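First the structure, in the form of structure tokens, and then the observations on it.
This is a predicted model, so every value here is computed, not measured.
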Amino acid sequence: MAQLADTFDLGTLRLSSGEAARVDLGVAVEPLEFGAQTYRVNGDRAQVGIDVSRTVGSGFAMRLRFDVELDGPCMRCLDDAAVTVEVDAREVDQPGEGDEMVSPYLSDQELQVHDWAHDALALALPTQILCRPDCAGLCPECGENLNDHPEHQHEPEPDPRWAKLSELKLD
């Protein structure tokens, strides 16, 4: 079991230019709000692996990898759903090379692992979290779960163009 950490001091690795190291950490992951629903990481923590390479000068190239299982409501039928999300994120921090080469997760060799893991997980989420790939969802008229009642249907509404004919009195 890796140690639980929100931050990690890259200076403790004592990397010289061109050297690399791997660090395994446990990171607490708060519930995510997605599509007006809340999704929780199974166990509320993730075991992350961070590959760190020292670049020329005082920069770093970093890679964050982890897998988590998210639990929450299905986006179609609102039943319980679980999905495994694989996260593979990269960051580069090369001071003095422009804004696009500065990582928002690194400050004075202090890596904000918690924030990076949270943001990387949010970006890795699937477009829909479903209870099963063929989820039929809910009836748009009454809210009946169509997975439980696949033959569920309603009488079709009469065509409004014919509504005036119902006022005819044929005696």
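In this structure, the side chains of Val87 and Val85 come closer than 4.5 Å at one or more pairs of heavy atoms. Within the 4.5 Å cutoff, side-chain heavy atoms of Asp119 are placed close to those of Tyr105. A heavy-atom distance below 4.5 Å is not found between the side chains of Ile129 and Cys74. At a threshold of 4.5 Å between non-hydrogen side-chain atoms, the residues Pro73 and Asp79 do not count as touching. You'll find the side chain of Gln109 reaches within 4.5 Å of the side chain of Asp9, heavy atoms only. With a 4.5 Å cut-off on side-chain heavy atoms, Val52 and Ile50 count as touching. Using a 4.5 Å heavy-atom cutoff, the side chains of Leu121 and Leu32 are in contact. A heavy-atom distance below 4.5 Å is found between the side chains of Glu30 and His118.
Taking Arg161 as the reference, Asp159 meet the side chain to side chain donor-acceptor pair (under 3.5 Å) condition, with sequence neighbours excluded. For Glu167, the salt bridge (charged side-chain N to carboxylate O under 4.0 Å, His left out) partners are Lys164, not counting sequence neighbours. Take Ser166 and apply the side-chain contact (heavy atoms from CB on, under 4.5 Å) test, not counting sequence neighbours, and it matches no residue. When the side chain to side chain donor-acceptor pair (under 3.5 Å) test is applied to Glu33, the partners found at least two apart in sequence or on another chain are Thr38. With sequence neighbours excluded, the residues forming a side chain to side chain donor-acceptor pair (under 3.5 Å) with Gln94 are Thr55, listed by chain and number. Checked against side-chain contact (heavy atoms from CB on, under 4.5 Å), Pro95 has the following partners two or more places apart in sequence or in another chain: Ser58, Asp93. Annotation: side chain to side chain donor-acceptor pair (under 3.5 Å) contacts of Glu110 (sequence neighbours excluded): Thr7.
Residues Arg54 and Ser16 share a closest heavy-atom pair of CB-O, 3.2 Å. Between Leu15 and Ala21, the shortest heavy-atom contact is CD2-CB, 4.0 Å. Smallest separation of non-hydrogen atoms from Cys135 and Asn147: SG-ND2, 3.3 Å. Considering all non-hydrogen atoms of both residues, Arg40 and Pro31 come closest at NH1-CG, 2.6 Å. Across Leu25 and Ala5, no two heavy atoms sit closer than the pair CD2-CB, 4.3 Å.
For residues 31-62, there are no ring-ring contact (aromatic ring centres under 6.0 Å, His included) pairs, not counting sequence neighbours. Counting only residues at least two apart or in different chains, ring-ring contact (aromatic ring centres under 6.0 Å, His included) contacts with residues 143-171 comprise His152-His154. Identified under the salt bridge (Lys or Arg N to Asp or Glu O under 4.0 Å) test for residues 132-147, with sequence neighbours left out: Arg132-Asp134.
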Exercise answer: donor-acceptor pairs, residues 62-71 side-chain atoms, under 3.5 Å, sequence neighbours excluded:
| unit_1 | atom_1 | unit_2 | atom_2 | d |
| --- | --- | --- | --- | --- |
| Arg63 | NE | Asp88 | OD1 | 2.9 |
| Arg63 | NH2 | Asp88 | OD2 | 2.6 |
| Arg65 | NH2 | Asp51 | OD2 | 2.4 |

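Here SG of Cys139 is found 10.5 Å from CG of Asn145. Values are rounded to the nearest 0.5 Å. Of the inter-residue distances, the one linking Thr12 atom OG1 with Leu10 atom CG reads 7.0 Å to the nearest 0.5 angstrom.
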Applying side chain to side chain contact (heavy atoms under 4.5 Å, CB included), run through Trp116 and Val27 and close with a yes or a no.
CA-CA 10 Å; Trp116 187 18; Val27 177; over 6 Å; no

Steps toward side chain to side chain contact (heavy atoms under 4.5 Å, CB included) verdict (Arg90, Val92)
CA-CA 7 Å; Arg90 298 171 192 264; Val92 173; over 6 Å; no

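Cluster annotation: Met75 is not connected to Leu146 through the hydrophobic network of ILVMFWY side chains, with a link wherever side-chain heavy atoms come within less than 4.5 Å. Transitive grouping of hydrophobic side chains (ILVMFWY, heavy atoms separated by less than 4.5 Å) keeps Val113 and Val102 in distinct clusters.
Cluster note: Leu138 groups with Leu78 through ILVMFWY side-chain heavy atoms spaced under 4.5 Å, whether in direct contact or through intervening members.
Asp148 CG: more than 12 foreign heavy atoms inside a 6.0 Å radius.
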